[in-house]
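In what follows, chains carry the letters A, B, and so on, assigned in the order in which the sequence lines appear, proteins first and then strands, with residues in each chain numbered from 1. If you're wondering where the values come from, they're calculated on a predicted model, not measured in any experiment.
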Protein chains: 2
Amino acid sequence: MIMGIDMFTDSAVIRRPVVITASGRHGSRCDDCEARHSGMCDALSDEDLSLLSRSAQHVAVAAGTLFIEEGDQSPYFYNITHGNVRVFRLLPDGRRHITGFMSGGQFLGLAETGTYAFNAEAMDEVHLCRFNRVALNGLFSEFPALERRLLNISAHELTAAHEQMLLLARKTAAERIASYLVNLALRHEGCVNGMLPAAALALDLPVSRSDLADYLGLTIETVSRSFANLKKTGLIDFHNAHAVTLLKPRQLAAVGNGAA
Amino acid sequence: MIMGIDMFTDSAVIRRPVVITASGRHGSRCDDCEARHSGMCDALSDEDLSLLSRSAQHVAVAAGTLFIEEGDQSPYFYNITHGNVRVFRLLPDGRRHITGFMSGGQFLGLAETGTYAFNAEAMDEVHLCRFNRVALNGLFSEFPALERRLLNISAHELTAAHEQMLLLARKTAAERIASYLVNLALRHEGCVNGMLPAAALALDLPVSRSDLADYLGLTIETVSRSFANLKKTGLIDFHNAHAVTLLKPRQLAAVGNGAA
DNA sequence: CGTGACATTGACTAGTATCAACCAAAGTGG
DNA sequence: CCACTTTGGTTGATACTAGTCAATGTCACG
């Protein structure tokens with residue numbers, strides 16, 4: 001190990017995935033991991049988790065790194081423990097679709113057989129827990145709760161994917177933007193029970209217009225114009241591209257749901 | 001039980017799901033079920049399967065029946081044993097997106113918590129194996145191979161959903177049609193190893209233009225015109241709407257993959 | 001032979017993409 | 001510290017794909 005214990009906070013960026021440790025500082029420190037209580041890890045007890053972590057390698061990748069590339073051999077299953085990841089697919093002429101944005105607690109590469117079917121890029125500094133795929137079935141047998149949880153999450157991701165397919169297949173540009181903003185609000189702004197507040201709600205948009213366009217199946221220009229239109233109609237407001245206020249969250253949700 | 005043993009072959013169509021038996025003719029006859037060697041059932045031994053079947057109800061629905069409706073209570077998890085199902089979502093003004101077409105061996109309703117998030121409609125006479133959701137976790141513990149298999153299938157369905165998202169987000173009408181035709185060819189026409197033949201290949205399209213449009217995020221007119229264009233360019237041929245010949249399967253695949 | 005469901009084709013429209021200019025904020029280097 | 005460049009975003013003019021509306025064609029069925 002060349003990198004020291006401070007690697008995660010080191011200011012030098014690492015352009016390729018770097019194994020931090022297989023059993024060192026982080027190998028037995030799941031208990032203070034950011035992702036301890038989300039995603040697959042939340043399914044296990046502290047004891048089981050520390051057993052599990054012996055099968056994991058801890059990896060850090062610098063912002064901008066493409067750490068999974070479509071067509072590559074896929075020996076690893078990843079669990080994200082820190083940072084944000086852009087998952088996307090490309091057509092030969094460069095058209096891009098962003099499948100999703102993933103962050104702490106979410107996993108990557110469960111379905112892969114042989115080669116990855118997608119690309120994954122670190123949007124900021126990303127830390128990953130990495131498992132050898134061939135060992136996965138053994139781990140499932142050892143930790144049934146893990147498998148149960150993964151099934152649960154996969155099933156819900158499938159539902160979310162179907163929702164996004166509806167958006168891509170049938171919603172207008174404005175409806176797509178509205179859907180996105182409302183989902184963002186529901187995820188982040190402590191809107192627990194799935195209810196939106198009636199009052200205005202400030203949001204920080206975590207992605208660029210370009211990422212948003214490729215996520216919603218639009219162009220950056222159309223995204224920009226749709227934002228402008230929603231502002232003109234009084235549903236949202238913003239002074240810069242990343243600080244948006246939902247002025248009428250529930251009306252916006254109605255737009256996003258395609259209310260006739 | 002009102003319906004007799006011949007119910008499945010009865011010419012009278014049943015408009016609502018009808019329980020055939022919980023432990024009668026079909027309850028212990030998994031071994032000659034159409035879906036015995038596909039989907040989740042293929043994961044189990046004959047003995048385990050016959051144990052599992054005691055937790056199932058067997059249900060038949062007539063062609064055209066909407067047997068799962070978005071928003072309904074979702075007490076059941078379904079396994080399709082016969083026939084074809086159209087799974088779709090609607091926007092309030094009637095815009096429809098067909099999530100997928102499902103048939104023997106595929107399952108429905110795994111992710112649901114409380115209410116269904118989709119609609120399911122029988123495209124022909126459909127037979128289903130139905131499980132109470134609250135009993136599912138118990139079944140998973142009893143038959144770990146079942147859970148393993150469901151996780152596997154779910155993960156692959158997720159990959160397929162991402163592929164379809166790429167299509168909906170970024171492909172042109174002609175590319176969507178080409179993709180659909182090629183996938184159909186790969187699934188049905190004994191193209192085992194995932195290889196397309198270089199030679200012409202006759203296909204029977206199992207869906208209407210309207211279903212195809214709603215599956216591919218297009219209108220029926222655009223579907224029709226795209227077929228006409230592919231015919232004009234010599235990639236396919238057809239005399240009626242459901243009997244299509246792929247004249248140059250590999251070139252068609254290139255179109256479907258968005259080759260520049 | 002008439003009817004209805006499904007499909008095709010044409011004319012026109014609309015929504016989004018494309019191309020291009022411009023703008024603002026954030027580096028970068030002398 | 002200030003010109004210069006770079007990056008990301010907005011706005012406008014125009015093009016084009018796919019949608020809409022409407023007419024016509026085809027086939028199965030009573």
Inset, instruction - Supply the atom-to-atom distance A/E112 CD to A/D72 CG, rounded to the nearest 0.5 angstrom. - result: 11.0 Å

Inset, instruction - Apply side-chain contact (heavy atoms from CB on, under 4.5 Å) to B/E34 and list each qualifying residue two or more places apart in sequence or on a separate chain. - result: B/H82

Inset, instruction - Could you point out which residue of B/T172, B/I177, B/L235 forms a side-chain contact (heavy atoms from CB on, under 4.5 Å) with B/V255? - result: B/L235

Inset, instruction - Would you mind reporting whether A/L246 and A/I236 have side-chain heavy atoms less than 4.5 Å apart? - result: yes

Inset, instruction - Would you list the pairs meeting ring pair (Phe, Tyr, Trp, His ring centres under 6.0 Å) in which at least one residue belongs to residues 240-260 of chain B, sequence neighbours left out? - result: none

Legend entry - Listed partners of A/F88 passing ring pair (Phe, Tyr, Trp, His ring centres under 6.0 Å), at least two apart: none

Legend entry - Residue list, side-chain contact (heavy atoms from CB on, under 4.5 Å) with B/R89, at least two apart or on another chain: A/E163, A/L166, B/E70, B/T99, B/F118

Legend entry - A/R209 CZ to D/dT11 P, straight-line distance once rounded to whole Å: 10 Å

Legend entry - A/L205 CG - D/dT10 P separation (whole Å): 10 Å

Legend entry - B/L212 CG to C/dC6 C1', straight-line distance once rounded to whole Å: 14 Å

Legend entry - Partners passing side-chain hydrogen bond (donor to acceptor under 3.5 Å, both in side chains) against B/N229 (at least two apart in sequence or in another chain): none

Inset, instruction - State, to the nearest 10°, the angle formed by the axis through the first five base pairs of the helix from C/dC1-D/dG30 to C/dG30-D/dC1 and the axis through its last five. - result: 30°

Scan the side chains in residues 179-186 of chain A for donor-acceptor partners under 3.5 Å anywhere in the protein, sequence neighbours excluded, and list what turns up.
residue: A/S179; atom: OG; partner: A/K171; partner atom: NZ; Å: 3.0
residue: A/S179; atom: OG; partner: A/E175; partner atom: O; Å: 3.0
residue: A/S179; atom: OG; partner: A/G256; partner atom: O; Å: 2.9
residue: A/N183; atom: ND2; partner: A/S179; partner atom: O; Å: 3.4

Inset, instruction - Using a cut-off of strictly less than 4.0 Å between a heavy atom of the residue and any atom of DNA chain D, enumerate the qualifying residues of residues 88-100 of chain A by number. - result: none

Legend entry - Length of the CE-P vector between B/M123 and C/dA5, whole Å: 18 Å

Legend entry - CD1-OH distance between B/I68 and B/Y76, expressed to the nearest 0.5 angstrom: 11.5 Å

Inset, instruction - Sugar-phosphate means primed atoms, P, OP1 and OP2; the rest is base. With that split, encode nucleotides 15-20 of chain C 5' to 3' as B, S or - using protein heavy atoms under 4.0 Å. - result: -SSBBB

Legend entry - Results of side-chain contact (heavy atoms from CB on, under 4.5 Å) for B/L158 - residues two or more places apart only: A/E157, A/L158, A/A161, B/H162

Legend entry - Interatomic distance, A/N229 CG vs D/dG9 P [rounded to whole Å]: 18 Å

Inset, instruction - Quickly work out the A/I177 CD1 to D/dG9 P distance and round it to whole Å. - result: 12 Å

Inset, instruction - Output the distance between atom NE2 (B/H156) and atom OG1 (B/T159), rounded to the nearest 0.5 Å. - result: 6.0 Å

Legend entry - Gap between atoms CZ and P, on B/F227 and C/dC6 respectively (whole Å): 16 Å

Inset, instruction - List in numerical order all residues of residues 233-243 of chain A for which some heavy atom is under 4.0 Å away from an atom belonging to DNA chain C. - result: none

Legend entry - side-chain contact (heavy atoms from CB on, under 4.5 Å) partners for B/D211, two or more places apart: B/R86, B/R96, B/I98, B/F101, B/M123, B/V207, B/S208

